[in-house]
Amino acid sequence: MAEVQKSDNPLDDVFTEFLQSPRVFKNRDVLTDRYIPDKLPHRTTQIKALGYTLASILRGARPSNVFLYGKTGTGKTAVAKFVLKNLAAKAKEQGYDMSTAYINCHTVDTNYRVFAELCHFLDVKVPFTGLPTDEVFNRFCTALDEKNTLFVIVMDEIDLLVKKSGSETLYQLTRINTVLEKSRVSIVGISNDLKFKEYLDPRVLSSLSEEEIVFRPYTAQELNDILNDRAHMAFNDGCIDDAVIPLIAAIAAREHGDARRAIDLLRVAGEITERNGDSIITPKHVRMAHDAIERNTVSEVVTTLPIQSKLLLTAIYLQYREREKNDETGVTTGDAYQQYIELCDYMRMEPLTQRRISELINELDLLGIISARVVSRGRYGRTKQITFTVSTRLVHDALSSDIGLKKFLNFS
DNA sequence: TGTCCACTGGAACGTACGGCTT
DNA sequence: AAGCCGTACGTTCCAGTGGACA
């Protein structure tokens, strides 16, 4: 009789184990970014406000432009998508043509890209570079007018676009209705930055913020409700310890009431539970998930950094560690730059100027790895005080994955 | 109260490159 | 192929600045 051949594919074990392990998730998708829930707890006021503003579409009129303000994870994007989804259905019922475009200005951050992206929504092909911006704008206008529609453009993280490329795009968009003959455009701007209006050109400001809706951060109790809702849909009954949701809510409330982070944490805790072959999510899994998320973000950000930024981060790390030993806090731009030059010397690389390094420090700050605060030390001048916002151990680990940098990390 | 440090950060400009139009 | 145009990444120049200190 033929002997049963044992496969030496290591994945067999993984798959068998996975299939045999207890199932915690009923529907994992409800804990991802893509999911738009049917109800948004504690956001009724904002939903109604946005609904009222955009409702004129139901009479075929162009609604006012709206601005949604609030910190990350306060439900701005979810509310906007929720309202537009419902509105589109209602408009169709009333026989009006309405379309929406969603643009995230985090990636679409130049005038050219915004119009190119809008063209894509209308199925107009444009190259990602090469054309004059005016030409792309004209193609967009022509295509839009042909559609004879009410076009709502949601611009998420709009502050990033303005900070990088100025108010020009928004100016053109707010004026576009004077160019169009048949179609009409409304803009829903979403910003994390409450001070964003200060950067805005006054001409744009007046027409763009015809209406404003503010989103305050969720409290621990509100996060608790949101998580309960989602957990109910996502997990099988009895798979979640009673202490888990209050714990996640408390962690997220401490970290600025960010619901997205809270939901992420819940999802990862579930994944870890399944992977461990456990059947109930406990606070232990939550803490493991918290650790894993931080580790992942740091390592992802650090490994994808360009070489100069990595070198700079190494320099900051070395200086920071040195200062820590002497019970001093904070590295200044000057310290970091000196150390950076030294590292460039070892690597036989041409160093960047201090001006450029100052900019790269700001970028690292934006990425959430470090915090760079401008301080004045009186007669010792003005500088940035740099500290790490994530654990230095994680930064060390992420940097050591680069062979070229590893040897510097144990330098003193 | 004025000085002065160690920068910051805006502005203008240069270079390399991809890709379009003519 | 030449002439544009946009993007990315960088440099140079320099006015401006908060606050400790003489």
Check your understanding: To the side chain of A:R113, which of C:dT17, B:dT21, C:dA8 is closest?
Key -> C:dA8
Check your understanding: Whole-Å distance between C:dG10 P and A:Q308 CD?
Key -> 6 Å
**Study point:** A:Y69 six-ring centre to A:K76 NZ/CZ under 6.0 Å and within 45° of normal
**Key:** no
Review point. Parallel, tilted or perpendicular: which describes the rings of A:Y346 and A:F408, with under 30° parallel and over 60° perpendicular?
Key: tilted
Review point. What is the distance, rounded to the nearest whole Å, between atom CG of A:L366 and atom P of B:dG9?
Key: 13 Å
Review point. Just to confirm, is there a sub-4.0 Å distance from OP1 or OP2 of B:dG9 to any side-chain nitrogen or oxygen of A:K384?
Key: yes
Practice item. State whether A:T333 places a side-chain N or O below 4.0 Å from either non-bridging phosphate oxygen (OP1 or OP2) of B:dT8. Key: yes
Exercise for review: Please check if atom NZ in A:K406 has more than 12 non-hydrogen atoms from other residues, nucleotides or ligands closer than 6.0 Å.
Suggested key: no
Point to revise | No-H, no-angle donor-acceptor pair, A:R379 side chain to C:dG18 base, under 3.5 Å | key: no
Practice item. Calculate the interatomic distance between A:Y380 atom OH and C:dG18 atom C1'; express it in whole Å. Key: 15 Å
Check your understanding: Please give, in whole Å, the distance from C:dC9 C1' to A:E359 CD?
Key -> 11 Å
Check your understanding: Where the side chain of A:R382 is concerned, which of B:dC20, B:dG9, C:dT17 is the nearest nucleotide?
Key -> C:dT17
Practice item. Name the nucleic acid region contacted by A:Q354, choosing base, sugar-phosphate or nothing; use a 4.0 angstrom heavy-atom cut-off, strictly under. Key: sugar-phosphate
Check your understanding: Is the number of heavy atoms from other residues, nucleotides or ligands under 6.0 Å of A:H120 NE2 greater than 12?
Key -> yes
Practice item. May I ask you to evaluate whether A:R356 reaches the phosphate of C:dG10, defined as a side-chain N or O under 4.0 Å from OP1 or OP2? Key: yes
Review point. Under the 3.5 Å rule, do the base of C:dG18 and the side chain of A:R377 count as making a donor-acceptor pair?
Key: no
Exercise for review: Tell me which of A:G381 and A:R355 sits closer to the 5' end of DNA chain B, going by the nucleotide each one is nearest to.
Suggested key: A:G381
Study note, to complete from the structure: Between CG of A:N362 and C1' of B:dG9 the distance, given in whole Å, is 9 Å
Practice item. Calculate the interatomic distance between A:Y112 atom OH and C:dA8 atom P; express it in whole Å. Key: 12 Å
Check your understanding: Between C:dC5, C:dG10, B:dC7, which nucleotide gets closest to the side-chain atoms of A:P132?
Key -> C:dC5
Check your understanding: Should A:R267 and A:D264 count as an ion pair when the cut-off is N to O under 4.0 Å?
Key -> yes
Exercise for review: Measure from NZ or CZ of A:R43 to the centre of the six-membered ring of A:Y218 and say whether it is under 6.0 Å with the direction within 45° of the ring axis.
Suggested key: yes
Check your understanding: Would you say a side-chain N or O of A:T353 is under 4.0 Å from OP1 or OP2 of C:dG10?
Key -> no
Practice item. Can you tell me the distance, in whole Å, between the CG atom of A:L311 and the C1' atom of C:dC9? Key: 17 Å
Exercise for review: Just call it for A:R373: base, sugar-phosphate, or nothing, with non-hydrogen atoms closer than 4.0 Å on any strand.
Suggested key: nothing
Check your understanding: How many Å lie between CG on A:L360 and C1' on B:dT8, as a whole number?
Key -> 15 Å
Review point. So what does A:N111 hit on the nucleic acid, given a heavy-atom distance under 4.0 Å: a base, only sugar-phosphate, or nothing?
Key: nothing
Practice item. Look at the side-chain N and O atoms of A:S358 and state whether any lies under 4.0 Å from the OP1 or OP2 oxygen of B:dT8. Key: yes
